[in-house]
Amino acid sequence: MTRVRLSRLPGERVRVSEEGATHEVAVADLPSYVSEREPETPRWVWDDTARWYPPLLAAGVRVARCHDLRLCRRLLARAPAVDPSLLAGDEAGLWDRLRPAAAAVTEPVLFSGDDALDHLRADVEDVRQLAAIDASPDAARLRLLVAAESAGALAAAEMTHAGVPWRVDVHEALLTEKLGPRPPRGARPRLLAECADDVRRVLDAPGLNPDSRPDLLAALRRAGVDVSDTRASSLRAVDHAVVEPLLRYKSLAHLFSTNGWAWIDEWVRDGRFRAVYQPAGSATGRWSSNGGGALSFPAQVRSAAVADEGWVLVVADVAQLEPRVLAGMSGDRALAGAARGADLYQGMVDAGAVATRQDAKLGLLGAMYGATSGESGRMVAGLTRRYPQAFGLVEEAARAGERGQVVRTLLGRGSPTLGGSWDESPDAPPADLHDLDRRRRSFGRFTRNFVVQGTGAEWALCWVADLRNRLWRLGARGALDDRPHLVLFLHDEVVVHAPAGLADAVAAELAEAATTAGRLLFRELPVDFPLTVSVVRSYAEAGKPGT
DNA sequence: TGGAGTTGCGCC
DNA sequence: AGGGCGCAACTCCA
């Protein structure tokens, strides 16, 4: 196992020793120290991984373990099984005020400018958090959760540092083919402009700007197209000559504005797309991204993600992550049985629970999202009898939410509370009862999904945390820059950039890490988490089976 | 003019 | 009257 030893030196420098190599890194007197509470596995404790780790990575230092005080404080403060009074004390209010450090893609940022926040006592806060965890009835699970949350933060910074290998020439060729040559600033590219002309011609609306929703809707109606909005799905439902060019226009306009030349200018440097992640950026614990749209970059440009010469991309995704997680956390052995194999939905068909794969998918997604009507709603009713524990768990989460209660993930992350006034003081302004009921149900759908989405995010965190260590060990004989490394993480999918000779070994580690994650979370009930793995030169070549 | 809110897209 | 997120552009209003 990789060992990182750290020691503070005078002159605001830190010495980092790792596998025989020693680095000195300049830092200021900031909230950070090395905890040797578990002497075999020293842990760098700091206020914010996004503040500390980028400059360390830039100095060539890889950190094996950390405890991210900001992320974990937030997590513990919202965890139902943690006594909030144990998080109170010196500087507690300041810790609560911390916001994620600004993305440090080019210049490392060690100072926020707010002196009080820049010099907090990391050791004091660390002790407080550990005590809060120790006192919790859910201590074991919370320990796993804070370790995974912190490891995820390390992985996020490492992925930003490494970047996705990006071929600007491939991307630009694709743009030119679909849109025409790069236009001057403010103008539409040629093929997009021609597409807009097609729309104007068919609608007989010469001055129309197809980007203006109200104008477009009015023009559509004048031409006899009966739609209530301009959404693609609404347009597809009508039969009119404008539909084809308009859908084509929307698709091209989206490519141009979201992943066009401007996106390249802003996000690709030195042949790398450096996505910026926010671990636990969403309420469920899923990551979000505030740079380059890393978690939503469209299939349209994935062909530009190309491995370096002699390297490959190993792409792995989990089929039906959330249904599998639901089976594990509810202890539903029938659903876990259907999950034994590559296709959970097909497993449900084979077990005779449902007629078709599509019905299985509709029913499960409907249960997790709270569908009440249509095909999906009907399937939920039937499947509830077959899988009472799994479907009962999300149903109970929904009812708890409707009562205004907090729900939690398997490892103990708590949902936000329902803001607003519906359950507050009786002398609040009398709100519309119908509106209150609508909000109550809406919150119930949120808590229903929260338990599954949030536990799915926990599985993924454990997967990534274990994987980054495995990849590090795998490349231990190579130089720092020759090691296989994570470059992208998309909720239930990862991309590893690896020397071609290590592709098979990486694929094996991906699967091992998935198995480990499943055992960590669902010790008592083993659930399969089969991966679809592709070894490719370009991300666009990766197999994308339906989920 | 600039910020907040809305719409619609696309990723999971 | 199906969950989460980011982003870009338009719209509205101070």
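Values below: all heavy atoms of this structure, side chains included; hydrogens, waters and symmetry mates excluded. A, B, ... follow the sequence lines: proteins, then strands. Residue 1 opens every chain.
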Please work out if [X] contacts a base, only the sugar-phosphate, or nothing of the nucleic acid, heavy-atom cut-off 4.0 Å.
X: A:Arg231; value: sugar-phosphate
X: A:Ala294; value: nothing
X: A:Ala253; value: nothing
X: A:Gly291; value: sugar-phosphate

Presence of [X] side-chain N/O under 4.0 Å of [N] phosphate oxygens OP1/OP2:
X: A:Ser212; N: C:dT11; answer: yes
X: A:Arg445; N: C:dG3; answer: yes
X: A:Thr284; N: C:dC5; answer: no
X: A:Thr230; N: B:dT7; answer: no
X: A:Asn259; N: B:dG10; answer: no
X: A:Lys250; N: B:dC9; answer: yes

Measure from [atom1] on [X] to [atom2] on [N] and round the result to the nearest Å.
X: A:Asp215; N: C:dC12; atom1: CG; atom2: P; value: 10 Å
X: A:Asp437; N: C:dA1; atom1: CG; atom2: P; value: 11 Å
X: A:His254; N: B:dT7; atom1: NE2; atom2: C1'; value: 12 Å
X: A:Arg302; N: B:dC11; atom1: CZ; atom2: P; value: 7 Å
X: A:Leu216; N: C:dT11; atom1: CG; atom2: C1'; value: 15 Å
X: A:Leu365; N: B:dC12; atom1: CG; atom2: C1'; value: 12 Å
X: A:Arg441; N: C:dG3; atom1: CZ; atom2: C1'; value: 17 Å
X: A:Leu255; N: C:dA8; atom1: CG; atom2: C1'; value: 13 Å

Tell me which nucleotide among [options] gets nearest to the side chain of [X].
X: A:Thr372; options: B:dC9, B:dC11, C:dA1; value: C:dA1
X: A:Leu490; options: C:dG3, C:dT11, B:dC12; value: B:dC12
X: A:Ser373; options: B:dG8, C:dG4, C:dA1; value: C:dA1
X: A:Asp211; options: B:dC12, B:dG8, C:dC10; value: C:dC10

Does any N or O in the side chain of A:Ser415 come within less than 3.5 Å of the main-chain N or O of A:Val407, such that one atom is a donor and the other an acceptor? yes

Exam field: side chain A:Tyr539 to backbone A:Val164, donor-acceptor pair closer than 3.5 Å: no

Do [X] and [Y] have side-chain N/O donor and acceptor atoms under 3.5 Å apart?
X: A:Ser288; Y: A:Gln278; result: no
X: A:Asp211; Y: A:Tyr249; result: yes
X: A:Glu158; Y: A:Tyr53; result: yes

So that I know where these two stand, are A:Trp263 and A:His171 an aromatic pair - ring centroids less than 6.0 Å apart? yes

Quick check on A:Arg74: does its CZ atom have over 12 non-hydrogen neighbours (other residues, nucleotides or ligands) under 6.0 Å away? no

Mapping A:Ser289 and A:Arg286 onto DNA chain C by nearest heavy atom, which one lands closer to the 5' end? A:Arg286

Enumerate, in order of first residue number, the stems that involve DNA chain B, defined as 3 or more consecutive Watson-Crick or G-U wobble pairs with both distances under 3.5 Å. B:1-12 with C:3-14

Does the structure show A:Tyr369 stacking with C:dG3, if we require the centres to be closer than 5.5 Å and the planes to be within less than 30 degrees of parallel? yes

Side chain to side chain donor-acceptor pair (under 3.5 Å) with A:Arg97: which residues, sequence neighbours excluded? A:Asp114

P atom, B:dG5 versus C:dG2: distance in rounded Å? 25 Å

Are A:Glu396 and A:Arg399 within salt-bridge range, i.e. N to O under 4.0 Å? yes

